Amino acid sequence: MADIRVRIAPSPTGPLHLGTARTALFNFLVARHLGGTFVLRLEDTDVARSSIGYEQDILDGLHWLGLEWDEGPDVAGGADRGPFGPYRQMQRLERYREAADRLLAEDAAYPCYCSPDELEADRRAQEAAHEAPRYVGRCARLTPEERAARASEGRRPAIRFRVGQGTVGFEDLIRGEVRIDVANLGGDFVIVRADGTPLYHFTVVVDDAAMRISDVIRGEDHLSNTPKHILLFRALGEPEPRFAHLPLILNADGTKMSKRKSQTAVDDYRAEGFVPEAFVNYLALLGWSTGTEEEVLSLADLVERFDLAQVNRGGARFDRERLEWLNGQWIRRLPDDVLVDRLMPFLERARDAGRIDRLPSRDEVEAILPVVRERLPVLGAIVDLAGFLWVDDLRPDPAAIVPRRWDQATTAEALGAARAVMAGQGPVSWEADELEPALRALAEARGWKAGDLFMAIRVAITGRPVSPPLFDTLVALGYERTVARVDRAIRLLTEEAA
RNA sequence: GCCGCAUUCGUCUAGAGGCCCAGGACACCGCCCUCUCAAGGCGGAGAUCAUCGGUUCGAAUCCGAUAUGCGGUACCA
């Protein structure tokens with residue numbers, strides 16, 4: 001099994017899709033686990049739908065996930081790397097042409113002059129007769145004269161591959177033995193359009209052969225087409241690779257994952273603040289498991305344990321809750337400086353959007369990590385959780401400041417008393433373990449429930465009923481700003497009353 | 001329609017003939033901790049292993065049929 005070569009071959013016809021990312025991941029894991037080579041090839045022959053923007057999104061996303069490849073283009077529009085290039089199919093057109101000519105010369109393929117209308121009519125007739133749709137072979141046995149006659153009518157031929165008869169079998173690495181009768185392939189299929197551009201089933205085979213791919217690892221949606229590929233490998237005189245068909249990722253309702261029912265773009269998850277460690281971890285566990293009870297695994301851990309033989313065969317539904325849980329696990333595990341790196345872009349965006357007035361320094365962010373990190377299901381949650389620290393003009397809703405069991409007057413009075421205690425502490429003793437006993441003592445002395453007092457202060461200084469632990473919050477805000485906010489809250493409450 | 005693939009708690013899964021009247025995780029419910037929210041700890045509920053039939057002393061595990069789901073069936077990828 002030496003010289004393992006695997007590949008991911010996305011089409012730049014949309015943003016990086018979850019399913020593509022998962023297929024890329026499994027290929028990557030196989031390559032790294034076995035010491036093989038991971039190739040990236042862009043299948044951009046659908047010119048109308050392909051774009052450089054999508055190419056960029058796909059390459060960026062794969063880099064973000066850490067799935068580095070050994071051959072292929074590194075950046076959108078950039079040069080590619082590796083001995084089997086080019087790695088964009090539109091730059092390989094001559095090779096397909098050449099391969100098609102060879103098949104034509106050997107009569108393994110033939111020109112087909114059928115018009116779309118004729119094909120459509122055939123299909124209708126078959127449907128009416130309850131037969132399986134298939135190419136009827138009208139052009140399969142044309143004499144050179146007949147071909148010339150059609151060509152002179154101005155008809156431009158597509159090229160069809162002769163599927164012949166018999167049965168094609170292969171040993172799928174995940175599913176085991178699969179056999180399909182060639183009769184069920186739908187007849188001779190088109191490999192080159194009338195306009196000369198090659199079709200997917202043809203280009204994959206030509207390229208997988210040219211790039212010496214040893215193991216084709218892809219989604220189950222390609223399983224039924226694999227016999228076509230095998231026939232093509234044989235006709236081209238190329239060795240057949242091994243095949244492995246991964247179970248599909250499904251929508252929550254069990255149907256094939258779609259943009260309509262699920263969030264499928266990898267970049268959307270990134271924008272919410274999912275970390276790549278968690279994303280990769282989650283994707284790896286969708287359809288595969290180590291066989292142990294380990295769940296939180298790094299890319300390196302995954303590489304070490306991965307084995308295609310343990311991949312499941314049934315499709316797996318995408319479960320966002322579980323992804324979020326893993327994301328929390330990973331956020332809790334990231335080193336401080338790394339977490340700060342990950343958080344800063346979210347804070348910059350919040351500042352640009354006017355949700356906070358000032359961008360905190362890295363040190364400021366690092367300082368609050370101990371109290372915020374286990375409260376972040378996604379990185380983006382930092383703004384709701386701690387944004388009050390970087391807002392200049394906080395205006396809490398007076399009604400929200402009043403605890404459930406209190407009225408406005410009590411709240412204003414309590415805040416005034418708390419303010420006095422805070423002033424008593426002063427900026428020099430502004431420590432959590434000094435503030436807490438002092439404020440608890442106040443509550444007890446006045447017969448207030450500490451929780452009520454704390455909640456009033458919390459909303460007064462953060463504007464929200466949910467925050468990191470109160471005394472850490474006071475310290476993070478600082479003496480001056482805390483007191484100013486408490487004063488303002490008291491003012492808001494008394495004005496309201498007036 | 002035809003062909004193919006699949007089927008274990010709501011979800012992701014463990015399980016490769018006796019260790020399983022089925023284990024873990026997420027979600028859910030309780031309790032503990034607690035200034036809110038989390039996190040964490042402890043406990044609970046939750047699967048007649050799709051159904052039926054067979055093989056076997058013994059089946060979630062092997063075989064067959066059925067059902068259901070999904071995929072393929074393009075001059076899309």
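Just so you know, these numbers come straight off a predicted model, no measurement behind them. Protein chains get the first letters and strands the later ones, always in sequence-line order, with residue 1 at the start of each.
In this structure, A:Ile191 reaches neither bases nor backbone, as no heavy-atom distance under 4.0 Å exists between it and the strands shown. Within the 4.0 angstrom heavy-atom criterion, no nucleotide atom of any strand lies near A:Glu120. A:Ala194 comes within 4.0 angstrom of a nucleotide base, judged by non-hydrogen atoms across all strands. Among the heavy atoms of the strands lying under 4.0 Å from A:Asn312 are primed sugar atoms or P, OP1, OP2 only; no base atom is included. Counting any heavy atom pair closer than 4.0 Å across all strands shown, A:Thr255 reaches sugar-phosphate atoms only and no base atom. Among the atoms of the strands shown, base atoms are found under 4.0 Å from some heavy atom of A:Asn225. No engagement by A:Pro247 is indicated, since no non-hydrogen atom pair under 4.0 Å with the nucleic acid exists. A:Leu286 comes within contact range of the sugar-phosphate backbone alone, with a heavy-atom separation under 4.0 Å but no base atom that close. Backbone-only engagement by A:Gly287 is indicated by non-hydrogen atom pairs under 4.0 Å involving sugar-phosphate atoms exclusively.
Atom CZ in A:Phe189 sits about 14 Å away from atom P in B:C76, given to the nearest Å. With rounding to whole Å, A:Arg218 atom CZ is found 17 Å from B:G71 atom P. At whole-Å resolution of the value, CG in A:Leu246 and P in B:G4 are 21 Å apart. In this structure, the CD atom of A:Glu321 is 13 Å from the C1' atom of B:A25, given to the nearest Å. What separates CH2 of A:Trp330 from P of B:C26 is a distance of 16 Å, to the nearest Å. Between A:Ile249 atom CD1 and B:C70 atom P there is a gap of 17 Å when expressed in whole angstrom units. To the nearest angstrom, C1' of B:A25 lies 12 Å from CG of A:Asn281. Regarding A:Leu285, its CG atom lies at a distance of 17 Å from the P atom of B:G24, rounded to whole Å.
With a 3.5 Å ceiling on both atom-pair distances, B:U36 lacks any Watson-Crick or G-U wobble partner. Nucleotide B:U73 has B:G1 as its partner under the Watson-Crick or G-U criteria, with both atom distances under 3.5 Å. Across all strands shown, B:C57 pairs with B:G18; the Watson-Crick or G-U wobble distances both stay below 3.5 Å. B:U51: Watson-Crick or G-U partner is B:A65, with both key distances under 3.5 Å. The partner of B:G30, taking Watson-Crick or G-U wobble pairs whose two distances both stay under 3.5 Å, is B:C42.
For A:Arg313 and B:C5, a side-chain-to-base donor-acceptor distance below 3.5 Å is absent, hydrogens and geometry of angles not being considered. The base of B:C5 lies outside donor-acceptor range of the side chain of A:Arg175, with no N or O pair under 3.5 Å.
Under 4.0 Å is where a charged nitrogen must lie from a carboxylate oxygen, and between A:Arg155 and A:Glu118 at least one such pair does. Salt-bridge check for A:Asp208 with A:Arg41: passed, with a basic side-chain N closer than 4.0 Å to an acidic carboxylate O. We find that A:Glu444 and A:Arg440 are not joined by a salt bridge, their nearest charged nitrogen and carboxylate oxygen being 4.0 Å or further apart. Between A:Asp452 and A:Arg404 no salt bridge is recorded (no basic side-chain N to carboxylate O distance below 4.0 Å). A salt bridge is absent between A:Glu131 and A:Arg123; no separation between the charged side-chain nitrogens and carboxylate oxygens falls under 4.0 Å. Using a 4.0 Å cut-off between charged side-chain N and carboxylate O, A:Arg322 and A:Glu295 make a salt bridge.
Each of A:Pro468 and A:Ser115 was assigned the nucleotide of RNA chain B with the nearest heavy atom; the assignment lying further toward the 5' end belongs to A:Pro468. When each of A:Ala132 and A:Pro116 is assigned the nucleotide of RNA chain B with its nearest heavy atom, A:Ala132 is the one assigned upstream, toward the 5' end.
Counted by atom type alone, A:Thr197 and A:Asp195 present one or more donor-acceptor pairs between their side chains at under 3.5 Å. One side chain, A:Thr226 or A:Arg218, offers a donor N or O that lies under 3.5 Å from an acceptor on the other.
The side chain of A:Arg160 has B:C75 as its nearest neighbour among B:U11, B:C75, B:A77. Minimum atom distance to the side chain of A:Leu199 is reached by B:C75, of the listed B:C75, B:G4, B:C26. Each of B:C35, B:G1, B:G4 was ranked by its minimum atom distance to the side chain of A:Phe471; first place goes to B:C35. Picking from B:C26, B:G23, B:A77 the nucleotide with the shortest atom distance to the side chain of A:Glu293 gives B:G23. Closest to the A:Pro133 side chain, of the nucleotides B:A74, B:C12, B:C35, is B:A74. For A:Arg440, the listed nucleotide lying nearest its side chain is B:U34; candidates were B:U34, B:G71, B:A77. Picking from B:C5, B:C75, B:G40 the nucleotide with the shortest atom distance to the side chain of A:Val178 gives B:C5. Closest approach to the A:Ser289 side chain among B:A77, B:G40, B:U13 is made by B:U13 (side chain taken as heavy atoms from C-beta onward). Taking the side chain of A:Glu295 as heavy atoms from C-beta on, and the options B:G24, B:A77, B:U11, the nearest nucleotide is B:G24. The listed nucleotides are B:U36, B:U73, B:G72; the one nearest the side chain of A:Asp221 is B:G72.
With both ends at atom P, the span from B:A67 to B:U56 equals 27 Å, rounded to whole Å. Atom P of B:A14 sits at a distance of 15 Å from the matching atom of B:A6, rounded to the whole Å. Atom name C1', nucleotides B:C3 and B:C62: the rounded distance is 26 Å, in whole Å. Rounded to whole Å, the separation between the P atoms of B:C21 and B:U61 comes to 14 Å. Comparing the P positions of B:U51 and B:U7 gives an interatomic distance of 14 Å, to the nearest angstrom. For the C1' atom pair drawn from B:C49 and B:A16, the interatomic distance equals 15 Å after rounding to whole Å. Taking atom C1' on both nucleotides, B:A47 is separated from B:G54 by 24 Å, rounded to a whole Å. Comparing the P positions of B:G69 and B:U36 gives a spacing of 49 Å, expressed to the nearest Å.
Between B:G69 and A:Lys256, no contact under 4.0 Å exists linking OP1 or OP2 to a side-chain N or O. Of the side-chain N and O atoms in A:Ser467, none sit less than 4.0 angstrom from OP1 or OP2 of B:U36. Of the side-chain N and O atoms in A:Arg193, one or more sit less than 4.0 angstrom from OP1 or OP2 of B:A77. Listed pair A:Gln310 / B:G15 fails the phosphate criterion, with no side-chain N or O lying under 4.0 Å from OP1 or OP2. OP1 or OP2 of B:A77 has at least one side-chain nitrogen or oxygen of A:Thr45 nearer than 4.0 Å. In this structure, A:Arg332 reaches the B:G40 phosphate: one of its side-chain N or O atoms is under 4.0 Å from OP1 or OP2.
The closest donor-acceptor contact from the side chain of A:Asp57 to the backbone of A:Ile52 lies at 3.5 Å or more, if one exists at all.
Separating the CG atom in A:Leu25 from the CG atom in A:Leu299 is a distance of 6.5 Å, to the nearest 0.5 Å.
Here A:His222 packs flat against the base of B:A77; its ring centre is closer than 5.5 angstrom to the base's six-membered ring, tilted by less than 30 degrees.
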